[in-house]
J.: 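Okay, here's the structure, questions in a sec.
Below, read A as the first sequence line, B as the second, and so on, with proteins coming before strands; counting in each chain starts at 1.
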2 protein chains.
Amino acid sequence: MGKCEQCIIKQFNAMKSLTKDELIRISGCKTSRIIKKGEVIFEEGENINGVYCIKDGICKLSKLSENGKDQIVKMVVKGQLLGQRSLITEEVSNLQAVALNDMEVCFIPRGEIMADLQNNLKFSFDVLKVMARDLRESDDIIVNMAQKTVRKRLADVLIYLHSNFGENTDGTLSILLSREDYANIVGTATESAIRIISQLKKENLISTKGKYIKIEDLAGLKRVE
Amino acid sequence: MGKCEQCIIKQFNAMKSLTKDELIRISGCKTSRIIKKGEVIFEEGENINGVYCIKDGICKLSKLSENGKDQIVKMVVKGQLLGQRSLITEEVSNLQAVALNDMEVCFIPRGEIMADLQNNLKFSFDVLKVMARDLRESDDIIVNMAQKTVRKRLADVLIYLHSNFGENTDGTLSILLSREDYANIVGTATESAIRIISQLKKENLISTKGKYIKIEDLAGLKRVE
DNA sequence: CGAAACTTTGACTACGATCAACTCCTGTGG
DNA sequence: CCACAGGAGTTGATCGTAGTCAAAGTTTCG
């Protein structure tokens, strides 16, 4: 099993602030795990009892709404930590996590990571920074949800996916989402999302290869209102 | 000027974790300020350079959307700290803060509070907890925005205001918001909010005395879909 | 008292949800 | 290898929700 102190992934999250000794200790109690695409990592209401450090892959965090629809709240990718919030509030998870592609994660039990949070100031301050940034992002999402049309939100999501997760060699978005996922991110009905995607296609802003979406005119997409 | 170490307000926020010495130091450099209803505490994009500890009153945090409408993202009340996020991300504020009634606040300059954040583990961990809870709340707001009707959201807001800020002796909500504020919280047009309020009135779920709103049937309001 | 700001109502429009039918993939078992 | 089942994607028709514009009524405050 890999050693935390040598793992490159830690550079990308707050764990870079842990000391070598702390990393060695964590390395000793962590468990690695492969998660297949579509697999549930944890459920809403589940006691997570630790955090996941994502070595590879992407997952979606969603919450079941009263009307029975899932709302995707956040995507967490390679390099980031998963489950920090619930760890800190000491409550069960308020979100469900599902893998969007095959993932490789390390699970660090609550006790170990909490010990570091409460002893290593640099580490806890780093986590604080991540959260403050997340909060900013949440503010933006709230405003967008409240004030923008579905069409505009969907265009924004495509731009976001493109700039954050990049594209395959053929130019399609490297992250593959179902139409339902798209709908659940922008908060609309699947049919509505589909309709807008085909409309954007007609306007030559995007093209599709099966489920894959390729952005043809990024500037045009940004101008969508 | 009041002394932080004797101030009761600190019990309600993370400052309770500061040592007596730290509080005395902060007391020496803080500035008290009275803010009138409607006054802007800080603007979106402004460098806040510290945090406000709210001794009395309530304010709204809002963000200007591209369509020119303000979206109210959060309400911050007596006992809470204002501006922590921007302090931590070391960026300009992403929100505007406006007083909803006459307020009394203490301003603590960045340097002082940062020093404590980076030295007092208990304090920074407390702030971490507050933020983790805020993030949970944001998740809920996002889901509600995305999945619920304006009518349902407005009913929820009324219930929220009632349970969090209480009522006057005549039973009206003790917090007084304009119709536009209501609209800006639920993310709708002012006229839409007005229409729904008058509809709820017809259904005898609420009544109004001028701008004041009184909840007549809390259980009924909760059943609104 | 009068101006300005806020609230209310009406009429109309547009956006997005829902339901239903149909097509297209994909994978599984005969 | 084909057939078929099931899921995902697509499209059309229809309906209700909410946004916009306009006008009139009401409060508030100087």
Side-chain angles (χ1 to χ4, degrees), chain A residues 36-38 65-71 98 100 143-158 172-173 176-203 206-214 224-225, chain B residues 36-39 65-71 98 100-102 143-157 172-173 176-203 206-214 224-225:
Chain A
K36 290 247 176 71
K37 175 179 173 171
S65 168
E66 287 171 23
N67 63 8
K69 281 189 195 159
D70 259 330
Q71 176 65 36
V98 175
L100 286 174
V143 175
N144 290 344
M145 285 292 179
Q147 306 282 359
K148 290 183 183 171
T149 62
V150 172
R151 179 176 154 87
K152 171 71 171 158
R153 277 182 270 157
L154 189 50
D156 285 349
V157 166
L158 291 173
T172 56
L173 291 180
L176 179 57
L177 298 176
S178 68
R179 304 292 140 133
E180 193 182 2
D181 282 332
Y182 281 109
N184 291 348
I185 294 175
V186 299
T188 191
T190 307
E191 299 95 321
S192 299
I194 289 176
R195 242 177 273 269
I196 290 166
I197 288 174
S198 70
Q199 210 173 317
L200 293 174
K201 215 160 62 176
K202 273 186 201 138
E203 299 169 35
I206 62 173
S207 62
T208 57
K209 292 188 182 183
K211 299 181 180 180
Y212 286 89
I213 291 179
K214 178 175 176 183
V224 165
E225 277 316 322
Chain B
K36 289 247 175 72
K37 175 177 173 173
E39 201 177 313
S65 169
E66 287 172 24
N67 64 9
K69 282 188 193 160
D70 259 330
Q71 176 65 36
V98 175
L100 286 174
N101 44 36
D102 291 348
V143 175
N144 290 343
M145 285 292 177
Q147 306 282 359
K148 292 183 181 169
T149 63
V150 172
R151 178 176 155 87
K152 172 68 172 158
R153 277 183 269 156
L154 189 50
D156 285 349
V157 167
T172 56
L173 291 180
L176 178 58
L177 297 176
S178 69
R179 303 300 189 227
E180 192 182 2
D181 283 331
Y182 280 108
N184 292 348
I185 293 174
V186 299
T188 191
T190 308
E191 298 94 322
S192 299
I194 288 176
R195 241 177 276 270
I196 290 167
I197 288 174
S198 71
Q199 210 174 316
L200 293 174
K201 214 160 63 176
K202 273 187 199 135
E203 298 169 35
I206 62 173
S207 61
T208 57
K209 294 188 183 180
K211 298 182 181 181
Y212 285 89
I213 291 179
K214 178 175 176 182
V224 165
E225 279 313 324

J.: Given atom CZ of B:R195 and atom C1' of D:dC21, what is their separation to the nearest angstrom?
T.: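 That distance rounds to 11 Å.
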
J.: What residues, two or more places apart in sequence or in another chain, satisfy side chain to side chain donor-acceptor pair (under 3.5 Å) together with A:K211?
T.: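 Listed in chain order: nothing, the list is empty.
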
J.: Tell me what A:S198 touches on the nucleic acid: a base, only sugar-phosphate, or nothing, going by heavy atoms under 4.0 Å.
T.: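 Since only primed, P, OP1 and OP2 atoms lie under 4.0 Å of A:S198, the category is sugar-phosphate.
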
J.: B:K69 near the nucleic acid: base, sugar-phosphate alone, or nothing, with a heavy-atom cut-off under 4.0 Å?
T.: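 The answer is sugar-phosphate, as B:K69 gets under 4.0 Å only of primed atoms, P, OP1 or OP2.
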
J.: Which comes earlier along DNA chain C counting from the 5' end, the contact point of A:E191 or that of A:K211, where each point is its nearest nucleotide?
T.: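 Taking each residue's closest nucleotide, the earlier one in sequence belongs to A:E191.
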
J.: Any side-chain N or O of B:S192 less than 4.0 Å from the OP1 or OP2 oxygen of D:dT17?
T.: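 Answer no for this pair, as no side-chain N or O of B:S192 is under 4.0 Å from OP1 or OP2.
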
J.: One pair to check against side chain to side chain contact (heavy atoms under 4.5 Å, CB included): A:Y182 and A:L158. What are the steps and the verdict?
T.: CA-CA 9 Å; A:Y182 281 109; A:L158 291 173; 3.7 Å; yes

J.: Report the nucleotide, chosen from D:dT10, D:dG12, D:dT20, that has the shortest atom-to-atom distance to any side-chain atom of A:K201.
T.: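 Within the option list, the nearest is D:dT10.
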
J.: Which of these passes side-chain hydrogen bond (donor to acceptor under 3.5 Å, both in side chains) with B:Q147: A:Q71, A:E66, A:K69?
T.: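 Checked A:Q71, A:E66, A:K69 against B:Q147; only one passes side-chain hydrogen bond (donor to acceptor under 3.5 Å, both in side chains): A:Q71.
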
J.: Do B:E39 side-chain atoms and B:V98 backbone N/O form a donor-acceptor pair below 3.5 Å?
T.: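 Checked: no pair found.
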
J.: Side chain of B:A189 only, heavy atoms from C-beta on: which candidate in D:dT11, D:dA18, D:dG19 is closest?
T.: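 The answer is D:dG19, which lies nearest to the side chain.
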
J.: Taking only side-chain nitrogens and oxygens of A:R179, does any of them come within less than 4.0 Å of OP1 or OP2 of D:dT10?
T.: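 For D:dT10, OP1/OP2 do have a side-chain N/O of A:R179 under 4.0 Å.
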
J.: Mind checking if A:T149 touches a base, just sugar-phosphate, or nothing, with heavy atoms under 4.0 Å?
T.: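 Sugar-phosphate: the residue A:T149, judged by heavy atoms under 4.0 Å, touches backbone atoms but no base.
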
J.: First and last nucleotide of DNA chain C in contact with chain B, 5' to 3', at under 4.0 Å to a heavy atom: what are they?
T.: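 For DNA chain C, the relevant span reads C:dC6 to C:dA11.
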
